[in-house]
Amino acid sequence: MNRITKLGLAAALIALPSLGLAQETTEEVAAAVSPEVVWIFNTLLFLIGGFLVFWMAAGFAMLEAGLVRSKNVTMQLTKNIALFSTAAIMYYLIGYNLMYPLGDWAIEGVFSALFPMVAVLEDVGIALADADDPEYASTSSDYFFQLMFVAATASIVSGALAERIRLWPFLAFVVVLTAIIYPLQASWSWGGGFLSEAGFSDFAGSSIVHSVGGWAALTGALILGPRLGKYKDGRTIPMPGSNLALATLGTFILWMGWFGFNGASQLAMGSAGDVADIGRIFSNTNAAAAGGAIAALLVTQLLYKKPDLTMVLNGALAGLVAITAEPLTPTLGAATLIGAVGGVIVVFAVPMLDKLKIDDVVGAIPVHLFAGIWGTLAVPLTNGDASFGAQIYGIFVIGAFAAVATAVVWIILKMIVGIRVSEEAEIAGLDTAELGMEAYPDFTKG
Amino acid sequence: MNRITKLGLAAALIALPSLGLAQETTEEVAAAVSPEVVWIFNTLLFLIGGFLVFWMAAGFAMLEAGLVRSKNVTMQLTKNIALFSTAAIMYYLIGYNLMYPLGDWAIEGVFSALFPMVAVLEDVGIALADADDPEYASTSSDYFFQLMFVAATASIVSGALAERIRLWPFLAFVVVLTAIIYPLQASWSWGGGFLSEAGFSDFAGSSIVHSVGGWAALTGALILGPRLGKYKDGRTIPMPGSNLALATLGTFILWMGWFGFNGASQLAMGSAGDVADIGRIFSNTNAAAAGGAIAALLVTQLLYKKPDLTMVLNGALAGLVAITAEPLTPTLGAATLIGAVGGVIVVFAVPMLDKLKIDDVVGAIPVHLFAGIWGTLAVPLTNGDASFGAQIYGIFVIGAFAAVATAVVWIILKMIVGIRVSEEAEIAGLDTAELGMEAYPDFTKG
Amino acid sequence: MNRITKLGLAAALIALPSLGLAQETTEEVAAAVSPEVVWIFNTLLFLIGGFLVFWMAAGFAMLEAGLVRSKNVTMQLTKNIALFSTAAIMYYLIGYNLMYPLGDWAIEGVFSALFPMVAVLEDVGIALADADDPEYASTSSDYFFQLMFVAATASIVSGALAERIRLWPFLAFVVVLTAIIYPLQASWSWGGGFLSEAGFSDFAGSSIVHSVGGWAALTGALILGPRLGKYKDGRTIPMPGSNLALATLGTFILWMGWFGFNGASQLAMGSAGDVADIGRIFSNTNAAAAGGAIAALLVTQLLYKKPDLTMVLNGALAGLVAITAEPLTPTLGAATLIGAVGGVIVVFAVPMLDKLKIDDVVGAIPVHLFAGIWGTLAVPLTNGDASFGAQIYGIFVIGAFAAVATAVVWIILKMIVGIRVSEEAEIAGLDTAELGMEAYPDFTKG
């Protein structure tokens, strides 16, 4: 998703044939893809990819609503639709132009990019020659696609902190995350910044999207503390999710949306090579999810003698996160294995976090942070252009920035307004205490 | 979605370059989008848009199933799948050709269009030159896309009248709505009729689809009367929805489908300008939904000290309805605000309807009728080609026709067969009384 | 979906204009669709079709989770996500190359195709000239699309055998089904095998996909036996599904996915004729589903005086299965009727199976096997190139093979490891007994 690097390449590729056009035969002309058709295909890719990644917002909402207890479902749904809407507004107001500044990537560039900071699309009915980039794709389609990535980052956080965080402080955090924290670090890799120059490679965002969300979830979970009664006398008390059908639906939705997430991160569809690469990405993305699910199924059977559905769901998601850093270069077999390692990580990391008394309601930290780090590290295994050094450097820089920045925001919010509901509200459930509205009012609770 | 106007434009645009083709250089030829590629892109747009709008049928079903009480869920699901299927059959038998007549739009035209009235698609494997319109798109794709709009109109009605209307009279209403009422008035704007000639502008149907559905819901609610016990001693008795997770899922589904609803209403994708416009529409549609959701969140917090999830969901939907009349010309900021006003309208209109003892179970009238009127009125704010006069004229003509026509049908149905279930059935719930099948039989009702 | 036949056609169609290219005028060149654009469109079709058919996996999961009792929901969800993942891995390891061998379709060909048997995609960034088939589409996109069909076949089985089959033996069956049984018989029709040469015509797989899944379900149900207490003293004891909202959602998901299932089985989108045909297929697929739903609604009303929602859902699905053998050639009216017959079949077949004490929990056998046979038989009614003789021959060959092969696998599994849970586990529910995890733990069971 390094738009600027891609632009250079695309321009070169398109320029190549047109330079010698006068000398070309009629047959060669007919065989080429005309610049306007390339532009249409690239734009269409962003639009299809964008609505698929939008769909992931519903996936997160269903996954989380299914994995919290029934007394907190309305709140979790409210947080999910509100965080998506907040992300949309903040990315428009600040995030997009901060991520893709017109100016230089020196500090001055960042600052100058803040004024004006509101995202502006191309005029209605733009002619190709007047487009912001006539050799690539429409700004509006790129904006639409990139917006969905910010929202995904924020969605990751809401699940981990469920059942005890207050709504408005959470949304205040989302404001800073989607306006500043995500776009700023994303620009280092995808906006032509120093991480891309250092050779860091993160195709669709195992680190840039998923680990950043995971770091925000981890610092939030640490600062917020575990749910009441979750850890007692050295034991972890199970608090099972209220609706596994919804959680499974959410996983399938996320899996489907991931084809857009990874596939459209190819960023171009106007040549045989690009569209065939998207086909590779779709196939590898699916293989990694399958690998993660089956690995979690087998490992939970071996460890606990019983398969664990929530682990299988998170295993599939961890497979998806793991392949996201490099969904293009692996073979199908390698993609399956990269995903499978992600699934294994989840099975071992969930009880480990519980031992550390880090209460992550839905398993977001193992899935998005740990599997995200694994996926980012695995890139050089299949992509000869990547190096372990650059990957570790990127993981460290992004991680350090995300951990510190999100911790600072959480601490400030905690000090100024408080981020946790009262004990009474937590015991009663956030739905009645904070919202006065139950998700399933007709049914007797057991 | 004014197909006929669009055809003229498209034809002109395509004809322009080809007229002087003999004189063009090889380079110019290579840069153009060939007529067949344009045709493929336009057709593909309808197909993608069509399956997205189809998906809205599932969205309405889940939204309504989540917002009715558990004793009426099976009936609501039955109504939704039956109304979609009924719409598909009636639009094939009568609606499509009534909406897009081959003849003139004089009264004679309408009558002659009735014979033959069955929709016929192009032959299998049609050659471009033999297509019904070689300069535009395939008839089948247009049919598929337009059909989904009729179904959406009918879906709006079922939610408002839930929990007390009988199945078969409701479906009889749907027959008339989808065969005659919707197509006839849609032809005035989108079939080359007098409203389009008067300058009325309704891009994807804030009035033509949503308000018409809203009027049918309003006349139905008035003639049917409120649910038993809803209004007592001057107070409104809350009857909370049984499954807010489903309602939220339905909202996300509708939001996703709306990208097809508005985006594919651009009606063309075979040029840079068209596809960039679709990108604008996607971005604006998303912005308006976000604006509506956040506005409802803030206003319910301010008014009631507690955010109200069902208002947030309806706020997002009202934002979507509001932007539907003109999703192309607004800036992102204007789109957000247009949606936000829609969200505010909903928060104030829901209790207002209750004061008037108009019982709208899911909030369909505020969302689709009121926000639809607002969106239609707002068109001239961002589109210089539209005028307030023409907008008000269109709102009035469509509204008067829809209100009178639907009221007449409801009254006739009420007189001939009765439209309301018995008191006993309503108290017991329509699921056991009318269908003998509970939606959640395993769970104890509270 | 006969890839090899299609390739020949596509090659001929593309070769035709290019042979005489030197003599063509500039105007003719401009009008043509360049080979690379054709390749991009075809590949894109598989990618869009593929993610839509992927979505059907979620549809099956929701349909089945909604139609089993609440004590077996977690198990049903686990089976569905595990079977999809298993199918993905086995099709990669063996199935794909078995279905589309590079060698001859003699027995030697089958055997040689087993070595090497792992699916390999084209290189990253492939140039059109280096593609496996420069005149058609990318291998990766075809792989992605075909994989989803295998998974659909396996999904059909899980529903019929719900509530009593053990997880691991079921997954072992899925391994054989997706690695060998499905791909082998699919190659006879779609891999250039003897059934396609015999004139058997099954466009998107009424027999090849749906009936094969249905046969596996039927032999499994017979060998596994009915649920405890299902048939008592000559009566059938109703065991209603626990969540009809989920079942309806699953049906809508399947309906949506079917546009990809049938539409992308056109296998080409790079010409006006192909994309217009996809439009016909979308429209006909929708019409058949509507016909099936309305037919089941009317027939259950007439027979039982009450519409039956589960029959309506299965009626829509039966309509979809029935049109799958030939979604292109029927008129809209014929498609509606073909679907309606499917819906009627379901209403009569469900009680018939119960009389035979064949316990099919979700109605998979009527929907996929019986309506699949009907759809395959109906092809010659609208497609002049098909013959009843060839259709009956194909139904018989595929059915005999699928019935025998699946029965053998079931019997071997039954003898070696056992396929049925204990009586205690079945009565307690598979969720607590086998998985130790309830799907809806917060709610009191009635």
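Please read all numbers here as calculations on a predicted model, not as lab measurements. Here is the naming used below: chain letters follow the sequence lines, and residue numbers restart at 1 for every chain.
Of the atoms belonging to A/Trp258, not a single heavy atom falls under 4.5 Å from chain C. Heavy atoms closer than 4.5 Å to chain A are found in the backbone of C/Asp123, but not in its side chain. With a 4.5 angstrom heavy-atom cutoff, A/Leu44 touches chain C only via side-chain atoms. Contacts of C/Ala57 with chain A are made by both backbone and side-chain atoms, with heavy-atom separations under 4.5 Å. Only the side chain of C/Leu246 comes within contact range of chain A, with heavy atoms under 4.5 Å apart. Residue C/Ala119 touches chain A through both its backbone and its side chain, counting heavy-atom pairs closer than 4.5 Å. Looking at A/Leu45, neither its backbone nor its side chain comes within 4.5 Å of chain C, counting heavy atoms on both sides. Using a 4.5 Å cut-off between heavy atoms, C/Ala433 touches chain A through its backbone atoms (N, CA, C, O) alone. Only the side chain of A/Leu52 comes within contact range of chain C, with heavy atoms under 4.5 Å apart. Contacts between A/Phe282 and chain C at a heavy-atom distance below 4.5 Å involve backbone atoms as well as side-chain atoms. Interface residue C/Tyr440: backbone and side-chain heavy atoms are both found under 4.5 Å from chain A. Using a 4.5 Å cut-off between heavy atoms, C/Glu438 touches chain A through its backbone atoms (N, CA, C, O) alone. With a 4.5 angstrom heavy-atom cutoff, C/Leu249 touches chain A only via side-chain atoms.
The greatest number of non-hydrogen atom pairs below 4.5 Å with chain C, out of A/Gly260, A/Pro307, A/Pro238, is found for A/Pro307. For the options A/Ala287, A/Pro240, A/Ser271, heavy-atom pairs under 4.5 Å to chain C are most numerous at A/Ser271. Of the listed residues (A/Thr251, A/Asp277, A/Ile48, A/Asn284), the one with the most heavy-atom contacts under 4.5 Å to chain C is A/Asp277. Between chain A and the residues C/Ile81, C/Thr78, C/Val124, C/Ile126, the largest count of heavy-atom pairs under 4.5 Å involves C/Val124. Ranked by heavy-atom pairs under 4.5 Å with chain C, the first of A/Asn286, A/Thr331, A/Asp308 is A/Asn286. Across C/Tyr143, C/Phe41, C/Phe144, C/Tyr92, the residue that shares the most heavy-atom pairs under 4.5 angstrom with chain A is C/Phe144. When the candidates A/Gly319, A/Gly279, A/Gly66, A/Gly291 are compared by the number of heavy-atom contacts under 4.5 Å with chain C, A/Gly279 comes out ahead. Chain C forms the most heavy-atom pairs under 4.5 Å with one residue out of A/Lys306, A/Arg280, A/Lys71, and that residue is A/Arg280.
A donor-acceptor contact closer than 3.5 angstrom is absent between the side chains of A/Ser242 and C/Asp442.
With C/Asn72 contributing its side chain and C/Gly429 its backbone, the two residues share no donor-acceptor pair below 3.5 Å. Here the side chain of C/Ser85 pairs no donor or acceptor atom with the backbone of C/Ala82 at under 3.5 angstrom. Of the possible polar contacts, none joining the A/Thr444 side chain to the C/Thr444 backbone as a donor-acceptor pair under 3.5 Å is found. Between the A/Asn383 side chain and the A/Glu326 main chain, no donor and acceptor come within less than 3.5 Å of each other. Looking only at distances, a side-chain donor or acceptor of A/Thr74 sits under 3.5 Å from a matching main-chain atom of A/Ala439.
By the 4.0 Å N-to-carboxylate-O rule, A/Arg69 lies close enough to A/Glu163 to be salt-bridged with it.
Partners of C/Ser141 by side-chain contact (heavy atoms from CB on, under 4.5 Å), not counting sequence neighbours, listed by chain and number: C/Thr43, C/Phe46, C/Leu47, C/Ala137, C/Ser138.
Taking the six-membered ring for Trp, C/Tyr96 and C/Tyr100 have ring centres closer than 6.0 Å. Not less than 6.0 angstrom separates the ring centroid of C/Phe51 from the ring centroid of A/Trp55.
Heavy-atom minimum distance, C/Asp431 versus C/Met75: OD1-N, 2.9 Å. Between A/Pro330 and A/Pro327, the shortest heavy-atom distance links the atoms CD-C, 3.9 Å. Here the closest heavy-atom approach between residue C/Ala87 and residue C/Leu147 is recorded as O-CD1, 3.9 Å. When all heavy atoms of C/Ala162 and C/Gln76 are compared, the closest pair comes out as CB-OE1, 3.2 Å. Residues C/Val33 and C/Gly270 approach most closely at CG1-O, 3.7 Å, considering heavy atoms.
Taken from CG in A/Leu332 to CD1 in C/Ile89, the straight-line distance is 11.0 Å, to the nearest 0.5 Å.
Contacts between residues 298-305 of chain A and chain C, counted as heavy-atom pairs separated by less than 4.5 Å, involve A/Leu298, A/Gln301.
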